[in-house]
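Structure first, commentary second.
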2 protein chains.
Amino acid sequence: MLGEINQSLERLSRAEKQVAEWVLAHPRQVTESTVAEVARACATSEPSVIRFCRRMGLSGFRELTIRLTEALSRPDSLVHRDVSAADSTADATVKVVEAAIQSLVDLRSQLSRMPFERVVARMATSQQFVFAGLGASGHVASDASHKFFRLGKPCNALTDTPSIRQFGAIAGSRDVFVLISKNGDAPVLREAARRARDNGAFVIAVTNPGSELAAAASSVFACDSQEDTNIYTPRSSRLVHLAVLDALHVATALALGDFAADNLRRSKDALLVDPGAAGG
Amino acid sequence: MLGEINQSLERLSRAEKQVAEWVLAHPRQVTESTVAEVARACATSEPSVIRFCRRMGLSGFRELTIRLTEALSRPDSLVHRDVSAADSTADATVKVVEAAIQSLVDLRSQLSRMPFERVVARMATSQQFVFAGLGASGHVASDASHKFFRLGKPCNALTDTPSIRQFGAIAGSRDVFVLISKNGDAPVLREAARRARDNGAFVIAVTNPGSELAAAASSVFACDSQEDTNIYTPRSSRLVHLAVLDALHVATALALGDFAADNLRRSKDALLVDPGAAGG
DNA sequence: GAAAAGATGTAGTATTACTACATGTTGGGT
DNA sequence: ACCCAACATGTAGTAATACTACATCTTTTC
């Protein structure tokens with residue numbers, strides 16, 4: 001539908017083109033508006049809106065709203081459009097969520113190229129997991145630690161520069177060190193990764209594959225970071241990192257078998273007994 | 001949508017149930033009909049049709065047609081399959097990511113029913129934002145605080161019981177209190193929400209719509225929590241909560257206009273100057 | 001430069017969603 | 001058995017919304 005409108009843009013008259021452009025810019029909003037509202041937003045009259053619908057081969061405004069909601073809930077509407085200052089609240093929120101979906105769909109197609117087998121094998125025999133990240137990635141690290149800890153292995157999250165640097169120095173061959181970063185260009189992370197690896201630790205990087213951090217790691221989960229050209233666009237990379245660690249968590253649990261399953265079950269039971277502490 | 005109708009079938013009265021059943025049987029037809037036509041097909045009256053819509057939590061018949069076209073044009077190919085112990089590592093990872101995608105796709109279809117407009121209006125004029133959550137939701141709260149803080153308003157994240165209880169007592173009319181919880185059944189959160197609201201604070205709940213926490217809040221972002229039947233399945237609700245807060249963040253930024261855009265741009269610039277502190 | 005063809009908006013109509021209220025129905029208490 | 005209350009349902013009316021007829025203005029053409 002939106003494609004058809006775009007294609008017909010040329011052969012429309014002035015007023016009709018105004019309507020068409022506004023519809024393309026705010027499709028979601030159209031579905032919740034009346035003819036009068038659209039006319040006002042386009043600085044034109046109601047009949048022009050109706051005429052636009054007819055010109056598109058529709059029976060009227062009602063059919064336009066139906067066709068648009070169809071188009072918006074189809075998967076091919078997942079063309080990522082940046083949020084702009086002119087967007088309505090509804091348009092903006094949809095765009096944000098669609099961007100998140102898109103990045104996870106991309107992730108799925110890259111899963112098979114990620115070194116899950118190898119990493120899981122090493123994690124299953126290691127003694128502790130340490131997750132590290134700065135800024136927004138720090139929250140991802142904390143979340144991961146909170147999650148893996150339920151497998152029954154000692155876990156830690158490091159979210160500040162000195163701690164990360166220190167652990168790089170003391171990490172040993174029985175440790176798994178997971179470093180999370182969007183760009184992977186923070187020197188602290190690269191240095192910590194290098195030292196830990198020199199000490200015999202298994203170093204995993206969840207980051208941009210072209211980065212220095214990736215080069216310093218034993219295994220890399222490559223998460224391409226598309227540029228944030230728009231200041232309003234939030235970083236979907238965080239969601240991707242979380243999903244990667246979710247997948248790794250489940251894969252590790254399967255590898256650990258009964259031992260992990262038991263611990264998971266017990267930790268879930270513990271929450272049920274005392275809902276006051278649940279909250280999750 | 002159709003699932004929700006099916007689920008509510010029991011608690012409907014006779015006339016309403018007639019409507020519900022006809023809608024389930026002829027969903028496509030509803031989208032092209034008028035209230036009168038549906039009423040006639042169900043051998044009942046127009047008000048009963050309207051009442052049915054209201055009972056389903058919709059604003060009226062118009063919204064029903066929109067929700068139905070959405071439901072009908074969304075391919076439910078992404079049927080979520082649980083991870084089982086027999087899965088290979090590759091299978092398991094794909095399932096985990098697909099479950100995450102599915103939950104975000106569901107979220108998108110529910111966005112239009114969420115009170116973004118109202119909440120944003122209130123947030124734009126408030127003095128500080130406080131985010132709270134326990135366990136896994138605590139990390140979501142921290143992440144949200146870290147994100148909203150870049151808009152230039154004071155932010156805080158509370159992730160333990162005493163802090164949350166205390167803030168509930170001291171929150172005032174210029175505060176926005178955002179409580180995040182999967183089930184919403186932690187008494188601490190409900191009590192804190194209630195007290196804060198009594199004190200005049202604006203209380204937002206990101207949680208299960210049927211929960212006590214939701215009932216105690218000023219505005220609710222309803223995130224249905226499907227059961228975790230399988231211990232290996234991670235909780236996608238966390239991703240959904242993050243996405244909701246992302247959307248709210250962007251919407252708020254748009255509402256604040258130049259002021260927020262300026263702060264966002266400056267905070268991004270600050271990271272560029274010193275990549276050592278970036279990490280995100 | 002005038003007339004014709006087309007585009008656009010004003011004002012009005014018909015349709016449609018929705019509401020107020022009166023009537024019927026069921027369940028519980030005395 | 002009776003009454004009352006609460007709830008469910010439909011009738012009739014209202015407000016809104018989509019759509020149309022026509023007059024005005026613009027552009028094109030000879």
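B:Arg194 has a carboxylate O that lies under 4.0 Å from a charged side-chain N of B:Glu191, or vice versa, which qualifies the two as a salt bridge. Under the 4.0 Å criterion applied to side-chain N and carboxylate O atoms, B:Glu70 and B:Arg67 are assigned as salt-bridge partners.
Applying the 4.0 Å criterion to OP1 and OP2 of D:dG10, one finds that B:Thr44 has a side-chain N or O inside that range.
The CZ-P distance, from A:Phe61 to D:dA18, rounds to 6 Å in whole Å. Spacing between atom CD of A:Glu32 and atom C1' of D:dT17 amounts to 17 Å, rounded to whole angstrom units. Computed from coordinates, the B:Leu12 CG to D:dC7 P distance equals 16 Å when rounded to whole Å. As rounded to whole Å, 12 Å separates atom P of D:dA18 from atom CD1 of A:Ile66. If you take CD of B:Glu16 and C1' of D:dC7, they are 11 Å apart, rounded to a whole angstrom. In this structure, A:Glu46 places its CD atom 10 Å from P of D:dT17, rounding to the nearest Å. Between B:Gln18 atom CD and D:dT9 atom C1' there is a gap of 11 Å when expressed in whole angstrom units.
For B:Arg190, the CZ atom sits in a packed shell: over 12 heavy atoms of surrounding residues, nucleotides or ligands are nearer than 6.0 Å.
Although no hydrogens or angles enter the test, the distance criterion places a donor-acceptor pair under 3.5 Å between the side chain of A:Arg54 and the main chain of A:Ser59. A side-chain donor-acceptor contact under 3.5 Å links B:Ser211 to the backbone of B:Ala214.
Pairs of residues two or more places apart, or lying in two chains, that qualify as ring pair (Phe, Tyr, Trp, His ring centres under 6.0 Å) and include a residue from residues 165-197 of chain B are B:Phe167-B:Phe177.
Within 4.0 Å of B:Arg51, counting heavy atoms only, lies at least one base atom of the nucleic acid.
From the 5' end on, the contacts that DNA chain C makes with chain A at under 4.0 Å to a non-hydrogen atom open and close at C:dA7 to C:dT16.
Mapping A:Ile50 and B:Ser13 onto DNA chain D by nearest heavy atom places B:Ser13 closer to the 5' end of the strand.
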